[in-house]
Protein chains: 4
Amino acid sequence: MEKLFFASDYMEGAHPAIMRRLEETNLVKSPGYGSDSFSESAREKIRSACRAPEAEVYFLAGGTQANSVVIGTMLRPYQGVLAAETGHVSVHEAGAIEAGGHKVITLPQRDGKLSAQIVRQWTETYLMDENRSHMVMPGLVYISQPTEMGTIYSLEELTGLSRVCREYGIALYADGARLAYELACPEIDVALPDQAVLCDAFYIGGTKCGTLFGEAVVFPKPGTVPHFFTMVKQRGALLAKGRIAGIQFDTLFTDSLYEEIGASAVRIADRIRKALSEKGYDQAFIAPTNQVFPVLTDEQLRRLSEKVEMSFWERTPDGRTIVRLASSWATREEEADALIALL
Amino acid sequence: MEKLFFASDYMEGAHPAIMRRLEETNLVKSPGYGSDSFSESAREKIRSACRAPEAEVYFLAGGTQANSVVIGTMLRPYQGVLAAETGHVSVHEAGAIEAGGHKVITLPQRDGKLSAQIVRQWTETYLMDENRSHMVMPGLVYISQPTEMGTIYSLEELTGLSRVCREYGIALYADGARLAYELACPEIDVALPDQAVLCDAFYIGGTKCGTLFGEAVVFPKPGTVPHFFTMVKQRGALLAKGRIAGIQFDTLFTDSLYEEIGASAVRIADRIRKALSEKGYDQAFIAPTNQVFPVLTDEQLRRLSEKVEMSFWERTPDGRTIVRLASSWATREEEADALIALL
Amino acid sequence: MEKLFFASDYMEGAHPAIMRRLEETNLVKSPGYGSDSFSESAREKIRSACRAPEAEVYFLAGGTQANSVVIGTMLRPYQGVLAAETGHVSVHEAGAIEAGGHKVITLPQRDGKLSAQIVRQWTETYLMDENRSHMVMPGLVYISQPTEMGTIYSLEELTGLSRVCREYGIALYADGARLAYELACPEIDVALPDQAVLCDAFYIGGTKCGTLFGEAVVFPKPGTVPHFFTMVKQRGALLAKGRIAGIQFDTLFTDSLYEEIGASAVRIADRIRKALSEKGYDQAFIAPTNQVFPVLTDEQLRRLSEKVEMSFWERTPDGRTIVRLASSWATREEEADALIALL
Amino acid sequence: MEKLFFASDYMEGAHPAIMRRLEETNLVKSPGYGSDSFSESAREKIRSACRAPEAEVYFLAGGTQANSVVIGTMLRPYQGVLAAETGHVSVHEAGAIEAGGHKVITLPQRDGKLSAQIVRQWTETYLMDENRSHMVMPGLVYISQPTEMGTIYSLEELTGLSRVCREYGIALYADGARLAYELACPEIDVALPDQAVLCDAFYIGGTKCGTLFGEAVVFPKPGTVPHFFTMVKQRGALLAKGRIAGIQFDTLFTDSLYEEIGASAVRIADRIRKALSEKGYDQAFIAPTNQVFPVLTDEQLRRLSEKVEMSFWERTPDGRTIVRLASSWATREEEADALIALL
């Protein structure tokens, strides 16, 4: 028997609807670099979903690329990024932000989240430091929504962060690698139009939410980064066949596919969380999205590992192991059944 | 009637065989970042095609990205690139090489090509300059094969460049955005194994040769760039679903698809070149690949533009216009017939 | 007998008046980083000499540093520098501008100078290029006044450049490593206040004009580069004992010392130029400043080299050698007498 | 009455012996860029003091510059720096290391010091992380000797760090901005030859130890950084009149001036520390060098501030204030008497 595959959410190709659309349009001729009509249609649908009719939308290939291009072009050389110490830009991008010349200033987090209060406190300490002209100025706050731990910022939390950022002239940017799974959470009270109001930039994840590749960077306010296109090109991030990203996002934002993808994965993750609770497993984070973090004894870990591909997360001080199980648009209910039966 | 589309060679999706293979494998689960079996199979086929069994092969998304990652990681900070003044890195990458910290030193070219003699002469002048420790050291020679003008380096020319480079300890790197169209030229005497022997790095173009996106970077000698993987990640160029590139290149290097793609486009370009000659048109470059460069009078330009999408190249001193017509794997013989009928 | 030393203009310590002032103030205590009263006095005198009462003035250590910090902070990532192919930033700064991420676009020069016409023509070609969003945008024009060949821009020439730059929104920056020697030329019609009106930034050279080290960067319009101080620190260019630069420039701009230094060197260079003419030597450039460029036969070169330290400049096509002789504030009339006697 | 000046150790010009020597040599002509005989003599004396006859020695202008040039040229793009969270490179260099493309990974410290154990633990965690190829590799450990808190690494501590670094192939670099004051501590058991054996690079501070400016970078093993000279030039850090730094370091290393400078300052700091103890003041760090860190009540702070210039360090949780008092070569015993009388 093949192992059950819950190690991550980017292990297949694309959602069948996307494959179908790529196939249908394959021989249509169109100009390059995102100037095609598929990309324009996708941009228009995203603007509409965000209720941000003037937003600028760009399609990049992946998450680290989106983060480093957006952050690198929004900051001036004397500015740095504030991020949770667990943020993707802080630990898992091989120093991409620093390679672009900017310090990532890591702040304490809770469940992967930054609080408005901690950002305010850090910024005020900076502003009162007599030596601040010898220090890196905070230019942007990086959050991930949902976070690397699968947790989500509530509307109140996001509003709080946005307010602090605007008070101090700091940009707010949200990494939405798994955005579909947040938008689909029953308890979430943040919708795309809220993000468009509260953030200066964010990206709508494709790679982990159903596409072959691709992330849609959104600047709600036009002109946020002048000459962004040229800087995308300069950083090697401009897709010659921009249409391939455009077609995929156009499909994601047609007939509510993005919502559907998220909902299916969250429903399955919820079933797994519920089963874990019922069977007495601890869970490391209260994560309502598509990621589940059971805490396993060595015996449980050994037994489960034989039949399930999971991601190692970290060891706990009491000698157990946190693992991550991820569902996606591609996870079938039968796979969840089989997993639950093994718990 | 729709216009005939000869403006470029990356205006459709992917070759149907690639689309088919993506479809077939779509729901297979595999690990990320190029560690999947499709990518490994593709790498193995490329090693075999290059007769370089130890070569390291990496799949990146596009040409500017490949150029800037390879050049940026092969050079030390005190080194620069020598390139033709018409080279893609010199003019059409929005300063990507310089953004990575390195000077592009432009040398005179002929038909888009650098000569061994000019590289030698420049290098010797550098080496004799008393102030050379205040100057940028040549670290790498960039060529495009075929060139931006569609011309190709013969085996003798490439061997000459390689010899000069090795004599002076300079790396030789070939941009193969349109490599399929060179390999398919009847008169070419350079094969992939020759490039693998003569160059320190090169890339095999996908985007302009039949894929949705993707270029295969080849380092014939393993260990050429230690930790290349991490630097690819750092530059935002690591594909999470590396398999999507792997599957495409695996298909290109199965059943001679790459050769077939090149041959079909070159055959059509040859027909167009022949027709131009017969009808008395001048051609700007002697280009045996998939690009054709007729020189048009204003009247010819006006008339042809009504029915054909072409690329503007440049004005000639005598007041005519060079345009570029490109064929590709997707160009049908009927389209060539129609174009020729219009000449 | 010691050889006569005309190889360059930075071979001694500092003008005696500067040494005296450093000595007098040596034990005075003052705060660091340029916030001392000596530096403030120097800034005020420079503002006054430039008739630019709101100018921002910063003291950096050397010319390459001044160029790379000013250019690197004035440009946005998508912009590059236009410079003469003989410009210091183009050839003799080891790729400092590119290390800061920006392309140096080299333009043809005459006697080391760029013309307004060539800048205009290049810029218009760029603006009409359909692919310009894939290219480096011109952000700054770099000139050296006087140039590396000792020539100078007239008020008409400088005004022309300034006009073109402003028309296209390009900054104009003048490298004044040898500014004292220009200001002292009898025929010059450009004074400091003109530069302050026509340029967006320039530096007043110290190292080659009488100080131990140091260049005074002037931004005539305040706020030209926000947070310049922090970026100077970031680039390792902030002097802890900023007063040492401040005291030197305060002395240079007291009792017309800067003019005096220039005048003495130019007078000597003029004597040498006149003697060369009278004795039938060719001169490579019409240079009215402190640099003299005789063209020597091999026999003349051999004979003179025995007794005079000179700089090799370049070989001429007819097999002769251009050398550079430089005078400075430290060159005595007796040394000129001795040199002339040898011609 | 003038206030007593204990705010820092770089508030005057240069030690009188240095001023004298600059004066004496002022009109001697010599070649530029450090190729003069004064610089060569200084390098030779430093090699001798370090008992490292093959060491490469370079003179740079300041500490942030030395740190960013050395670190930036020793690291490869995929590597970062490990530093104490209080390290100068971590907080007070305006992001200079990141501007050069490298992450500063901050580790917990005690009294400003890193321990071998913490470096080992961090490195082993990194090496065991399955995702380490997506992370920044540790390439260099940065320490300051003495530290920003005036504390010093013992021979045992430094040996421990060196051993861990070599075990893992990480370079060890020591920032010696205040090195003279460490070497002069009665209890120190680390001498320059020990540093030369244990570190891969370090700098001997001038600016805070008696010169007008200047730090001497030492690479005990020749060839540590190929083409370092060109990269110094590229980063704008090459002094045209290199002799000015050379003369100053030549003087510092003649007749034990460097030791004398350190000893005088430490003797005075010891007197102040003793007086503080006797009068019942708390001190924040056990610092045996030229910096003293009394903890003051608001009343004491107010009273002392009226007559003494001090540096604010930080508030304590119990509502008192840590201030820093620094002595230097220029502090006279009478000034210490006056300060002690005020305590």
Side-chain angles (χ1 to χ4, degrees), chain A residues 31-35 39 56 58 65 68-81 96-105 126-127 129-140 168-170 223-242, chain C residues 31-35 39 56 58 65 68-81 96-105 126-127 129-140 168-170 223-242:
Chain A
Y33 306 112
S35 63
S39 298
E56 289 181 18
Y58 297 89
Q65 184 177 85
S68 67
V69 174
V70 171
I71 293 174
T73 60
M74 290 189 81
L75 294 180
R76 294 286 294 144
Y78 47 86
Q79 295 177 320
V81 189
I97 304 304
E98 292 87 354
H102 302 284
K103 187 187 268 290
V104 179
I105 296 159
Y126 163 80
L127 288 172
D129 195 314
E130 289 175 5
N131 291 317
R132 70 181 173 284
S133 64
H134 293 224
M135 295 166 71
V136 173
M137 172 187 284
L140 183 144
Y168 294 109
I170 299 172
T224 301
V225 182
H227 299 281
F228 188 73
F229 180 92
T230 298
M231 293 190 285
V232 166
K233 174 71 183 174
Q234 187 184 69
R235 286 150 195 258
L238 186 63
L239 291 159
K241 296 184 176 174
Chain C
Y33 306 112
S35 62
S39 297
E56 288 182 18
Y58 297 90
Q65 184 176 86
S68 68
V69 174
V70 171
I71 292 172
T73 61
M74 290 189 81
L75 293 180
R76 295 286 293 144
Y78 48 85
Q79 296 176 320
V81 189
I97 303 303
E98 291 87 356
H102 302 283
K103 188 187 266 292
V104 178
I105 296 159
Y126 162 81
L127 288 172
D129 195 314
E130 290 174 5
N131 291 316
R132 69 180 175 282
S133 64
H134 293 225
M135 295 165 71
V136 173
M137 172 187 285
L140 183 144
Y168 294 109
I170 299 172
T224 301
V225 182
H227 300 281
F228 188 74
F229 180 92
T230 297
M231 293 190 285
V232 166
K233 174 70 182 175
Q234 186 184 70
R235 286 150 195 257
L238 187 64
L239 291 160
K241 297 183 177 175

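Naming: A, B, ... by sequence-line order, numbering from 1 per chain.
For the options C:Gly72, C:Gly101, C:Pro226, heavy-atom pairs under 4.5 Å to chain A are most numerous at C:Pro226. Of all the listed residues (C:Met135, C:Arg132, C:Met231), the one sharing the greatest number of non-hydrogen pairs under 4.5 Å with chain A is C:Met231.
Judged purely by atom type and a 3.5 angstrom limit, C:Thr230 uses its side chain to pair as donor or acceptor with the backbone of A:Ser133.
The heavy-atom pair separating C:Gln234 from A:Tyr78 by the smallest distance is NE2-CA, 4.2 Å.
Between A:His134 and C:Phe229, the ring-plane angle classifies as tilted under the 30° and 60° cut-offs.
If you measure heavy-atom distances from A:Met137 to chain C, the contacts under 4.5 Å come from the side chain alone.
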